[in-house]
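Inspection log for the structure reproduced underneath, given as structure tokens.
None of the values given here were measured: they were computed from a predicted structure.
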Amino acid sequence: MKAKFSRWTSIAAAAAMLLTSAVSFPWMNADAADPALTGQNARAITSQMTIGWNLGNTLDAHGSKVNTPAKSAMQWGNPEPTKELFETVKNAGFNTVRIPTTWYPHIEYSDAEQMWVVDEEWMDYVKMTVDFAYELDMFIILNVHHENWVNVSQFTDATYADASSKLTSIWAQVADEFAEYDQHLIFEGMNEPRQTGLGGGVEWGAGDTNSRKYINDLNAAFVKTVRAQGSAANNERLLMLPGYCASSDPSAIRAIEIPANSGNVALSVHAYAPYFFTMDTSDKANHEFPGKSGWGEDYDYNLTTLFNNLKSISNEKNAPIIIGEFSSSDFNNTASRVNWAKSYLGKAKDAGIPCVLWDNNNDYDGTGEAHGYVYRLTNTWYPNSAPVVKAMMDVYGVNSVLPEYKEYEAPKFDWAKIPVGDNWIEVYKQEEGEVLKAWKNICDNKIGEYMTEDYELVLVYDSTSDPYLVMQDKDVEDGWYPTYSSATAKDFMLKFTFEDVQATLKNNNTEFADMDYFFISAASEQMTVYGLYAIPLREIKPTEPPTEETTEGTTEEPSDKPFRLPGDVDGDNDFDITDIILLQKVLLASETMKAENVVNADADSDGIITAYDLAIFKRNILKQR
């Protein structure tokens with residue numbers, strides 16, 4: 001993991017150089033014509049935010065073993081964020097974006113720094129995404145989101161120590177990375193912090209005395225860390241503080257403690273209200289608005305009560321409130337969602353509370369999680385959601401440009417467009433393609449012969465989800481090891497490197513020599529696989545037994561080069577299981593082999609004898625059976 005934190009030691013030196021040099025940097029004047037937003041208090045900032053949009057299920061995605069920022073952002077099925085996406089959102093009338101971001105897969109503890117260090121490539125990726133919106137003069141909320149160290153089974157002293165260490169480490173580096181960004185950039189300390197192991201009533205409740213104190217202490221650590229960075233921008237930056245699970249329950253919000261001398265802060269609340277209209281799928285749900293739930297709760301009255309409470313609490317605490325997430329799932333009830341949007345945001349506007357729409361790019365599917373508004377493959381608006389967004393903008397008197405929904409048209413596969421090189425080795429090929437359903441695979445043990453440092457493997461396929469190669473140790477119960485590519489798929493091709501293989505082995509604490517079977521596997525979407533090729537990274541010279549040729553009048557001297565019979569480790573002019581056993585013992589340093597037989601043990605011809613050579617010979621023995 002490359003750490004960005006190591007740059008910190010040079011900041012003071014760099015600053016001194018800038019002060020004593022006459023060098024001009026173009027980026028220093030890039031925004032000269034656009035004055036920075038500065039000097040605003042918390043309410044002045046939130047009063048300018050009007051309405052926002054969430055980049056949901058993207059930088060907050062987690063759970064898969066992926067090895068690049070782009071793949072991390074796409075692992076839940078969404079495309080990478082782009083400048084065009086943010087332009088689409090702004091043109092629709094949104095002037096604020098929230099970028100939910102999960103950090104735990106991208107941090108590593110540094111003994112040298114005595115802190116958790118953020119991977120440099122991940123920090124750069126986050127910054128790139130923030131810049132898409134920042135360069136459009138939008139407000140941006142950046143947070144820590146699905147953190148396995150925030151949301152734990154039960155809050156204890158031990159979990160607090162871990163959480164505070166990671167929270168302060170991350171925010172110290174984020175504050176430094178964005179030290180000069182003006183008040184358009186807002187930091188949100190945590191997302192829905194809660195206890196996950198005490199039942200749903202506790203997890204999604206309003207918290208108790210102990211859990212509220214736990215969260216307040218983390219909030220205080222967050223504020224202190226950002227302010228301590230020291231830049232003028234971070235001293236006046238708006239910081240958002242959640243209560244227990246960011247609940248909209250009045251008692252949970254009132255329990256949020258604002259640290260002394262904390263500067264500009266806002267309270268962070270999530271409100272998918274009224275729940276039995278927006279998300280519920282039980283027999284008490286009613287997806288018509290106006291209306292009542294199966295319990296008899298009037299929806300419009302629910303919203304009136306919600307915003308009256310929020311306004312009162314905001315006044316009591318002398319701090320603005322931001323609703324960081326709100327939405328109504330698409331139940332194919334567009335007219336009712338339009339009515340809901342007008343009621344919800346009309347009341348929010350009157351209360352002076354900016355709201356940020358949750359968008360996970362999931363359109364109508366009959367569930368309570370269909371919060372898709374922008375169809376991100378074409379940057380157009382889902383038909384059921386465009387009228388809802390239009391109604392939202394009408395509340396604020398904002399002109400809205402909503403490009404009509406356009407389905408993504410995937411390019412067609414064509415072998416003629418695959419640049420198969422003269423030196424590409426065909427490992428597997430199906431001219432017409434072999435269809436694999438999601439998570440299904442095909443076995444081809446030739447794959448393993450080329451999982452060495454001498455080759456790169458190129459998979460030719462057609463799917464909307466990146467496939468992977470699999471190594472299997474049949475003698476281990478969980479010996480199924482997916483190998484993910486660190487490259488980006490392009491033009492129906494995905495490259496796998498020896499480093500990808502090594503990373504898989506390292507992450508699973510296993511050895512290549514133990515692998516028995518090799519597979520090509522589809523991921524979360526159906527795949528058509530056409531071929532797999534090995535590309536030599538250097539000239540591979542085949543070794544063959546010398547031939548004894550004699551010409552009239554001459555006699556050829558015997559070669560000094562040892563005769564090579566690959567796999568003949570014991571020198572008996574045969575390759576069998578005894579050679580495998582001997583090579584295993586040699587690698588374990590319990591036996592030696594004769595010097596003239598070393599060349600026979602070098603299966604991949606790389607000049608050294610390793611477990612990879614043993615694995616190749618194992619496979620060859622199996623083929624002989």
Side-chain angles (χ1 to χ4, degrees), residues 1-11 55 57-76 78-82 99-134 140-151 162-179 181 185 187-191 222 225-226 229 234 466 468 482-489 495-509:
M1 175 179 285
K2 292 190 292 182
K4 200 153 193 139
F5 187 75
S6 59
R7 301 181 191 173
W8 287 26
T9 55
S10 64
I11 291 175
L55 180 69
N57 289 17
T58 308
L59 270 65
D60 53 321
H62 63 102
S64 298
K65 292 181 180 179
V66 293
N67 44 19
T68 67
K71 290 180 181 297
S72 182
M74 295 188 291
Q75 65 182 288
W76 284 359
N78 276 317
E80 284 193 86
T82 63
I99 303 176
T101 304
T102 299
W103 300 85
Y104 82 83
H106 311 286
I107 60 175
E108 188 173 280
Y109 190 76
S110 167
D111 289 324
E113 302 286 358
Q114 290 292 292
M115 67 183 298
W116 293 88
V117 177
V118 178
D119 176 66
E120 181 175 352
E121 291 183 355
W122 180 248
M123 184 70 84
D124 288 342
Y125 197 84
V126 172
K127 182 178 182 297
M128 175 195 74
T129 308
V130 168
D131 285 348
F132 287 147
Y134 191 74
I140 305 105
I141 300 170
L142 180 63
N143 76 351
V144 300
H145 207 75
H146 295 300
E147 306 298 341
N148 61 4
W149 46 268
V150 172
N151 301 329
D162 182 54
S164 61
S165 173
K166 291 172 179 172
L167 184 83
T168 55
S169 293
I170 292 168
W171 280 115
Q173 293 162 85
V174 172
D176 187 75
E177 183 69 28
F178 296 99
Y181 282 54
L185 180 60
F187 292 158
E188 179 184 27
M190 294 176 286
N191 173 74
F222 157 64
T225 299
V226 174
Q229 190 280 330
N234 277 330
D466 282 1
Y468 48 85
T483 297
Y484 299 96
S485 168
S486 58
T488 300
K495 179 176 70 175
F496 294 84
T497 66
F498 181 59
E499 288 73 22
D500 296 333
V501 175
Q502 288 183 310
T504 300
L505 296 171
K506 179 181 178 181
N507 291 339
N508 291 282
N509 193 29

Problem - Pair D500-T497, side-chain hydrogen bond (donor to acceptor under 3.5 Å, both in side chains): steps then yes or no - result: CA-CA 5 Å; D500 296 333; T497 66; 3.3 Å; yes
Exercise for the section: Give a yes or no answer on whether the side chain of W103 reaches the backbone of N143 with a donor-acceptor pair at less than 3.5 Å. Expected result: yes
Problem - Heavy-atom side-chain proximity of V117 to E108 below 4.5 angstrom - result: no
Problem - Closest non-hydrogen atom pair between P81 and T58, with its separation - result: CD-CG2, 3.8 Å
Exercise for the section: Quick one: pull up CZ in F132 and CD1 in I140 and give me the separation to the nearest 0.5 Å. Expected result: 12.5 Å
Fill in the blank from the handout: Taken to the nearest 0.5 Å, the spacing of W171 CH2 from M190 CE works out to 10.5 Å
Handout entry: Donor-acceptor pair, side chain of K495 and main chain of S486, under 3.5 angstrom
Key = no
Exercise for the section: Examine distances only and state if a side-chain atom of Q173 and a backbone atom of S169 form a donor-acceptor pair shorter than 3.5 Å. Expected result: yes
Fill in the blank from the handout: Residues Y181 and Y134: closest non-hydrogen pair is CA-OH, 3.5 Å
Problem - Exercise: identify the closest heavy-atom pair between P100 and H145 - result: CB-ND1, 3.4 Å
Practice task
State the CD-CG distance between Q75 and N57, to the nearest 0.5 angstrom.
Solution key: 10.5 Å
Handout entry: Smallest separation among heavy atoms of T102 and D60, with atom names
Key = OG1-O, 2.7 Å
Handout entry: Close side-chain approach of K127 to E177, heavy-atom, < 4.5 Å
Key = yes
Exercise for the section: Could you tell me the separation between the CG atom of N151 and the NE2 atom of H146, rounded to the nearest 0.5 Å? Expected result: 9.0 Å
Exercise for the section: Indicate the ring-plane relationship of Y104 and H62, choosing parallel, tilted or perpendicular according to the 30° and 60° boundaries. Expected result: perpendicular
Exercise for the section: Check Y468 against T483 and note the closest heavy-atom contact, atom names and distance. Expected result: CB-O, 3.2 Å
Problem - Spacing of OG1 belonging to T129 relative to CG belonging to L142, to within rounding of 0.5 Å - result: 9.5 Å
Exercise for the section: Compare all side-chain heavy atoms of F496 with those of T504 and state whether any distance is below 4.5 angstrom. Expected result: no
Problem - Side chains of T68 and T488 in contact at under 4.5 Å (non-hydrogen atoms) - result: no
Handout entry: Whether Q229 side chain and V226 backbone form a donor-acceptor pair below 3.5 Å
Key = no
Problem - Closest heavy-atom pair and its distance - E80, Y125 - result: OE1-OH, 2.6 Å
Handout entry: Atom pair CZ/CZ of F178 and F187 - distance to nearest 0.5 Å
Key = 6.5 Å
Handout entry: Whether W122 and H106 hold their rings parallel, tilted or perpendicular, with breakpoints at 30° and 60°
Key = parallel
